[in-house]
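Report on the structure given below.
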Amino acid sequence: QVQLVESGGGSVQAGGSLRLSCAVSGVTRYTYSNYCMGWLRQAPGKEREGVASISPGGRLAYLADSVKGRFTISRDVAKNTLSLQMNSLQPEDTAKYYCAAAFRTNSDTCILRELPGTADYWGQGTQVTVSS
(Lines give C-alpha, C1' and ligand atoms only; values in the text may rest on other atoms or scores of the structure.)
Protein backbone atom coordinates (compact mmCIF):
# COMPACT_ATOMS: atom_id res chain seq x y z
CA GLN A 1 0.00 0.00 0.00
CA VAL A 2 1.54 3.27 -1.13
CA GLN A 3 1.16 6.09 1.37
CA LEU A 4 2.10 9.74 1.09
CA VAL A 5 2.53 11.88 4.18
CA GLU A 6 3.12 15.62 3.91
CA SER A 7 4.80 17.81 6.50
CA GLY A 8 6.26 21.29 6.80
CA GLY A 9 3.19 23.46 6.47
CA GLY A 10 2.56 26.39 8.76
CA SER A 11 1.88 30.10 9.01
CA VAL A 12 4.27 32.72 7.73
CA GLN A 13 4.22 36.38 6.81
CA ALA A 14 4.38 37.53 3.22
CA GLY A 15 7.90 37.26 1.89
CA GLY A 16 8.72 34.30 4.10
CA SER A 17 9.70 30.75 3.22
CA LEU A 18 8.55 27.23 3.96
CA ARG A 19 9.76 23.83 2.88
CA LEU A 20 7.21 21.07 2.40
CA SER A 21 8.17 17.42 2.48
CA CYS A 22 6.34 14.31 1.36
CA ALA A 23 7.42 10.92 2.65
CA VAL A 24 6.47 8.03 0.37
CA SER A 25 6.12 4.58 1.90
CA GLY A 26 5.08 1.25 0.49
CA VAL A 27 7.53 1.54 -2.42
CA THR A 28 11.05 0.42 -2.99
CA ARG A 29 13.72 2.77 -4.22
CA TYR A 30 13.24 1.24 -7.67
CA THR A 31 9.46 1.60 -7.80
CA TYR A 32 9.57 5.16 -6.41
CA SER A 33 11.60 6.03 -9.49
CA ASN A 34 8.60 4.98 -11.62
CA TYR A 35 6.35 7.65 -10.20
CA CYS A 36 5.72 11.13 -11.47
CA MET A 37 5.46 13.19 -8.30
CA GLY A 38 3.87 16.53 -7.72
CA TRP A 39 2.39 19.13 -5.43
CA LEU A 40 -1.11 20.47 -5.82
CA ARG A 41 -2.98 22.98 -3.71
CA GLN A 42 -6.54 23.92 -2.97
CA ALA A 43 -7.70 27.16 -1.44
CA PRO A 44 -11.17 27.53 0.09
CA GLY A 45 -13.79 27.89 -2.61
CA LYS A 46 -11.33 27.16 -5.39
CA GLU A 47 -10.51 24.12 -7.48
CA ARG A 48 -7.42 22.07 -6.81
CA GLU A 49 -4.55 23.28 -8.98
CA GLY A 50 -1.18 21.92 -9.89
CA VAL A 51 1.79 23.72 -8.37
CA ALA A 52 4.81 21.69 -9.40
CA SER A 53 5.71 18.26 -10.72
CA ILE A 54 8.88 16.29 -11.30
CA SER A 55 9.43 13.40 -13.67
CA PRO A 56 10.07 9.85 -12.45
CA GLY A 57 13.74 10.10 -13.33
CA GLY A 58 14.01 13.55 -11.76
CA ARG A 59 15.33 15.09 -14.95
CA LEU A 60 12.36 17.32 -15.75
CA ALA A 61 10.43 19.66 -13.49
CA TYR A 62 7.34 21.70 -14.20
CA LEU A 63 6.11 24.73 -12.29
CA ALA A 64 2.86 26.65 -12.49
CA ASP A 65 3.35 30.16 -13.86
CA SER A 66 2.20 31.62 -10.55
CA VAL A 67 5.12 30.08 -8.65
CA LYS A 68 7.95 30.18 -11.17
CA GLY A 69 11.01 31.84 -9.74
CA ARG A 70 9.75 31.31 -6.17
CA PHE A 71 9.18 27.58 -5.72
CA THR A 72 11.51 24.65 -6.37
CA ILE A 73 10.54 20.98 -6.48
CA SER A 74 12.99 18.16 -5.85
CA ARG A 75 13.00 14.45 -5.07
CA ASP A 76 15.39 12.22 -3.16
CA VAL A 77 15.34 8.72 -4.59
CA ALA A 78 17.48 7.32 -1.79
CA LYS A 79 15.03 8.52 0.86
CA ASN A 80 11.78 8.19 -1.13
CA THR A 81 10.90 11.79 -0.44
CA LEU A 82 9.57 14.77 -2.35
CA SER A 83 10.19 18.38 -1.38
CA LEU A 84 8.83 21.80 -2.27
CA GLN A 85 10.91 24.81 -1.33
CA MET A 86 8.67 27.87 -1.25
CA ASN A 87 10.26 31.32 -1.12
CA SER A 88 8.78 34.81 -1.32
CA LEU A 89 5.43 33.49 -0.20
CA GLN A 90 2.38 35.64 -0.85
CA PRO A 91 -1.13 35.62 0.66
CA GLU A 92 -2.44 34.09 -2.57
CA ASP A 93 -0.29 31.03 -1.86
CA THR A 94 -2.51 30.24 1.12
CA ALA A 95 -4.00 26.80 0.56
CA LYS A 96 -3.85 23.20 1.59
CA TYR A 97 -0.97 21.54 -0.23
CA TYR A 98 -1.17 17.93 -1.36
CA CYS A 99 1.49 15.51 -2.49
CA ALA A 100 0.49 13.25 -5.38
CA ALA A 101 2.02 10.28 -7.19
CA ALA A 102 1.23 8.96 -10.64
CA PHE A 103 2.77 5.79 -12.09
CA ARG A 104 4.51 6.33 -15.40
CA THR A 105 6.30 3.99 -17.76
CA ASN A 106 8.34 6.84 -19.27
CA SER A 107 10.96 8.33 -16.97
CA ASP A 108 10.51 11.82 -18.44
CA THR A 109 6.70 12.01 -18.42
CA CYS A 110 5.14 14.22 -15.75
CA ILE A 111 3.01 16.97 -17.25
CA LEU A 112 1.69 19.16 -14.46
CA ARG A 113 -1.76 19.79 -15.90
CA GLU A 114 -2.37 16.06 -16.25
CA LEU A 115 -1.44 15.19 -12.70
CA PRO A 116 -4.71 16.10 -10.90
CA GLY A 117 -6.69 13.72 -13.10
CA THR A 118 -4.18 10.90 -13.31
CA ALA A 119 -2.68 10.66 -9.83
CA ASP A 120 -2.80 7.18 -8.32
CA TYR A 121 -2.10 8.26 -4.75
CA TRP A 122 -2.67 11.37 -2.66
CA GLY A 123 -1.53 12.56 0.72
CA GLN A 124 -3.82 14.09 3.32
CA GLY A 125 -2.43 17.57 2.78
CA THR A 126 -0.67 20.19 4.85
CA GLN A 127 -1.94 23.72 5.42
CA VAL A 128 0.05 26.76 4.35
CA THR A 129 -1.16 30.16 5.51
CA VAL A 130 0.51 33.38 4.41
CA SER A 131 -0.47 36.63 6.08
CA SER A 132 0.09 40.09 4.66
Side-chain angles (χ1 to χ4, degrees):
Q1 179 89 16
V2 178
Q3 291 188 320
L4 284 61
V5 179
E6 303 96 335
S7 61
S11 297
V12 296
Q13 291 191 327
S17 298
L18 284 173
R19 185 176 180 87
L20 304 184
S21 293
C22 174
V24 183
S25 62
V27 294
T28 65
R29 174 178 175 177
Y30 172 75
T31 54
Y32 176 59
S33 298
N34 287 332
Y35 282 92
C36 155
M37 300 295 300
W39 291 95
L40 298 94
R41 67 186 181 187
Q42 187 167 22
K46 294 188 177 181
E47 293 187 356
R48 192 172 294 188
E49 64 172 350
V51 177
S53 63
I54 187 166
S55 60
R59 195 171 72 90
L60 299 175
Y62 303 85
L63 295 169
D65 288 342
S66 59
V67 305
K68 283 181 181 176
R70 301 188 298 123
F71 291 12
T72 303
I73 187 171
S74 61
R75 65 192 296 164
D76 188 328
V77 176
K79 297 181 179 179
N80 287 0
T81 58
L82 178 74
S83 298
L84 185 69
Q85 178 66 42
M86 305 186 295
N87 299 327
S88 302
L89 283 161
Q90 300 300 316
E92 52 266 34
D93 295 317
T94 295
K96 194 165 188 179
Y97 285 70
Y98 298 87
C99 175
F103 183 82
R104 294 286 187 264
T105 57
N106 184 310
S107 64
D108 285 340
T109 301
C110 194
I111 299 174
L112 180 59
R113 67 175 183 273
E114 296 179 349
L115 189 57
T118 61
D120 298 298
Y121 303 100
W122 294 85
Q124 293 300 308
T126 185
Q127 179 67 37
V128 171
T129 303
V130 185
S131 58
S132 57

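Because the structure is a prediction, the values reported are computed rather than measured. Count residues from 1 along the sequence.
- Every salt bridge (Lys or Arg N to Asp or Glu O under 4.0 Å) that R70 has, sequence neighbours left out, goes to D93.
- Here the straight-line distance linking atom CG of L63 with atom OG1 of T72 works out to 7.0 Å at 0.5 Å rounding.
- Screening T126, L20, L82 for a side chain to side chain contact (heavy atoms under 4.5 Å, CB included) involving E6 leaves a single residue, T126.
- Here the CD atom belonging to Q13 is positioned 5.0 Å from the OG atom belonging to S131, to the nearest 0.5 angstrom.
- Between C36 atom SG and L112 atom CG the span is 8.5 Å, to the nearest 0.5 Å.
- Classified by interplanar angle (parallel below 30°, tilted 30° to 60°, perpendicular above 60°), the ring pair F71/Y97 is tilted.
- No more than 12 heavy atoms of other residues, nucleotides or ligands sit less than 6.0 Å from atom CD of Q124.
- With values rounded to the nearest 0.5 angstrom, K96 atom NZ is found 9.0 Å from R48 atom CZ.
- Side-chain contact between V2 and Y35: present, with at least one pair of heavy atoms (C-beta onward) separated by less than 4.5 Å.
- One distance of note links CG of D76 with OG of S83; it measures 7.5 Å at 0.5 Å rounding.
- No hydrogens or angles considered: a donor-acceptor pair under 3.5 Å links the side chains of R104 and T118.
- Here CZ of R59 is found 11.5 Å from CD1 of I54. Values are rounded to the nearest 0.5 Å.
- Two residues are said to be in side-chain contact when any heavy atoms from C-beta on lie closer than 4.5 Å; M37 and V24 meet this criterion.
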